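Just so we're clear, the structure is a prediction, and the values are computed from it rather than from any experiment.
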Amino acid sequence: MSTMMITKAMPLSREELIPLNIYHHTNITPEMTSGLKRLLDSGRNETAIHRYLTEFPELLYRALYKTSTGHHNMKILSKQSLIPKSPESKGMIPDFILGAKSSEGWGWFVIELKGYNDPLFSISKSEIGVSSIANKGVCQILEYIDKSTEIQSHIRDMFKLENFRNPKGILLLGKKSEIEDEPRKKNLRRMFHEMMPDVMLLSYDCLI
């Protein structure tokens with residue numbers, strides 16, 4: 001009588017997944033989260049925040065959670081050029097290009113970072129508007145979306161992203177406390193998302 005041995009397939013570790021450019025939200029650790037919180041609380045600029053998220057990109061899953069996308073795994077590219085810098089142009093270089101896989105397939109995003117202490121809105125007397133920093137970020141994202149959609153076949157070939165198409169955008173800046181007790185700001189962000197569903201305005205608190 002023969003005996004058949006059954007072996008259980010073990011999931012790949014984070015160290016094995018990283019060279020494959022595969023990231024999974026189950027690899028987020030309390031240390032990653034607390035490190036980001038300390039960094040944000042210390043008032044470090046967006047360059048430092050970008051550096052930290054490049055080291056621990058799994059944390060970006062928590063921004064994706066707001067989009068109901070990507071419950072399986074992610075592919076993440078940092079500072080990849082859509083249009084290279086030149087003497088005449090700053091180019092188009094999003095902070096991250098992120099692909100997230102779910103049961104419905106792949107969803108793609110371009111992500112722009114601004115500062116943790118940057119405001120989303122500005123209010124003066126009776127007027128309210130998107131802050132200059134947020135306005136710049138939104139305009140950057142719109143250009144990234146337009147250009148990456150235009151050259152999506154090139155991006156698939158250049159960056160080996162075979163499923164890349166029709167990305168959406170995420171702008172990360174500021175704190176949730178800015179709008180928590182400000183119904184007018186909260187309402188304006190809701191209207192922005194309703195009128196421009198392809199761009200999400202999220203605070204860094206969603207990552208922690």
Apply the test side chain to side chain contact (heavy atoms under 4.5 Å, CB included) to residues Leu120 and Leu188: give CA-CA distance (whole Å), side-chain angles for both, the deciding distance (0.1 Å), then the verdict. CA-CA 10 Å; Leu120 177 56; Leu188 188 57; over 6 Å; no
Should Gln152 and Trp108 be marked as a side chain to side chain contact (heavy atoms under 4.5 Å, CB included) after you check the CA-CA gap, both sets of side-chain angles, and the distance that decides it? CA-CA 11 Å; Gln152 58 188 11; Trp108 291 92; over 6 Å; no
With sequence neighbours excluded, tell me which residues meet side-chain contact (heavy atoms from CB on, under 4.5 Å) with Lys186. none
Asn27 vs Leu17 side-chain heavy atoms within contact, under 4.5 Å: yes
Distance-minimising heavy-atom pair for Asn21 and Ile76: OD1-O, 3.0 Å
With sequence neighbours left out, write down each residue that passes salt bridge (Lys or Arg N to Asp or Glu O under 4.0 Å) with Lys185, or none if nothing qualifies. Glu178
Residues in side-chain contact (heavy atoms from CB on, under 4.5 Å) with Ser13, at least two apart? Glu15, Glu16
Close side-chain approach of Ile97 to Phe164, heavy-atom, < 4.5 Å: yes
Below 4.5 Å, heavy atoms only, C-beta onward: do Ile151 and Met158 meet side chain to side chain? no
Find out whether Asp205 and Tyr116 are in side-chain contact, i.e. whether some heavy atom of one side chain is under 4.5 Å from a heavy atom of the other. yes
So the ring pair (Phe, Tyr, Trp, His ring centres under 6.0 Å) pairs with at least one residue in residues 33-58 (sequence neighbours excluded) are His50-Phe96, Tyr52-Phe56
Hey, what do you get for OG (Ser131) to NZ (Lys136), rounding to the nearest 0.5 Å? 11.5 Å
Could you list the residues that satisfy side-chain contact (heavy atoms from CB on, under 4.5 Å) with Asn187, not counting sequence neighbours? Arg190, Met191
Got Leu59 and Ile208 here, is their nearest side-chain heavy-atom distance under 4.5 Å? no
Tell me the salt bridge (charged side-chain N to carboxylate O under 4.0 Å, His left out) pairs involving residues 29-38, sequence neighbours left out? Lys37-Asp41
Take atom CZ of Arg44 as the centre, draw a 6.0 Å sphere, and report whether it contains more than 12 heavy atoms from other residues, nucleotides or ligands. no
Across all chains, not counting sequence neighbours, the ring-ring contact (aromatic ring centres under 6.0 Å, His included) partners of Tyr23 are none
CE/Met74 to CD1/Ile22 distance, rounded to the nearest 0.5 angstrom? 11.0 Å
State which residues pass salt bridge (Lys or Arg N to Asp or Glu O under 4.0 Å) with Lys79; sequence neighbours excluded, sorted by chain then number. Asp95
Are the side chains of Leu53 and Leu207 in contact, using a 4.5 Å heavy-atom criterion? yes
Do Met200 and Val130 share a hydrophobic cluster, counting only Ile, Leu, Val, Met, Phe, Trp and Tyr and linking them when any side-chain heavy atoms are less than 4.5 Å apart? no
Determine, using the 4.5 Å side-chain heavy-atom cutoff (strictly less than), whether Ile170 and Leu36 are members of one ILVMFWY cluster. yes
Would a 4.5 Å heavy-atom cut-off, applied to side chains only, mark His24 and Glu58 as touching? no
Treat each ILVMFWY residue as a node, draw an edge where side-chain heavy atoms are under 4.5 Å apart, and state whether Ile18 and Phe159 are in one component. no
Shortest non-hydrogen contact from Gly137 toward Leu171: CA-CD1, 4.0 Å
Which pairs, with at least one residue in residues 159-169 and sequence neighbours excluded, count as a salt bridge (charged side-chain N to carboxylate O under 4.0 Å, His left out)? none
Which residues pass the salt bridge (Lys or Arg N to Asp or Glu O under 4.0 Å) test with Glu150, not counting sequence neighbours? Lys147
Nearest 0.5 Å, what's the OG-CD distance between Ser177 and Glu182? 10.0 Å
Using 0.5 Å steps for rounding, measure from the CD1 atom of Ile141 to the CD atom of Glu143. 11.5 Å
All side-chain contact (heavy atoms from CB on, under 4.5 Å) counterparts of Asp146, not counting sequence neighbours: none
Heavy-atom nearest pair, Ala134 first then Pro119, reads CB-O, 4.3 Å
What one should report as the nearest heavy-atom pair of Val199 and Phe192 is O-CE2, 3.6 Å
Looking at Asn45 and Ala48, would you say the former's side chain and the latter's main chain have a donor-acceptor pair under 3.5 Å? yes
Which residues pass the salt bridge (Lys or Arg N to Asp or Glu O under 4.0 Å) test with Arg184, sequence neighbours left out? none
Of Ile111, Val110, Leu77, the one forming a side-chain contact (heavy atoms from CB on, under 4.5 Å) with Leu98 is Ile111
Establish whether Met196 and Phe121 are linked, either directly or via other cluster members, by ILVMFWY side-chain heavy-atom contacts under 4.5 Å. yes
Just how far is it from atom CD of Glu112 to atom CD1 of Ile93, taken to the nearest 0.5 Å? 10.5 Å
Show the nearest heavy-atom pair for residues Leu113 and Glu46, with the distance to one decimal. O-OE2, 3.2 Å
Verdict with reasoning, Asp198 to Phe109, per side chain to side chain contact (heavy atoms under 4.5 Å, CB included): CA-CA 9 Å; Asp198 287 348; Phe109 298 84; over 6 Å; no
May I ask you to test the Pro94-Leu82 pair for a side-chain heavy-atom distance under 4.5 Å? yes
Nearest-0.5 Å distance that lies between atom OG in Ser78 and atom CD in Glu55: 12.0 Å
Shared hydrophobic cluster for Trp106 and Tyr61 (ILVMFWY, side-chain gaps under 4.5 Å): no
Could you go through the side chain to side chain contact (heavy atoms under 4.5 Å, CB included) check for Arg62 and Thr33 one step at a time? CA-CA 11 Å; Arg62 290 172 172 167; Thr33 302; 2.9 Å; yes
Heavy-atom closest contact (Ser203 atom, Gly174 atom, distance): CB-O, 3.5 Å
Cation-pi, Tyr204 ring and Lys175 (6.0 angstrom, 45 degrees): no
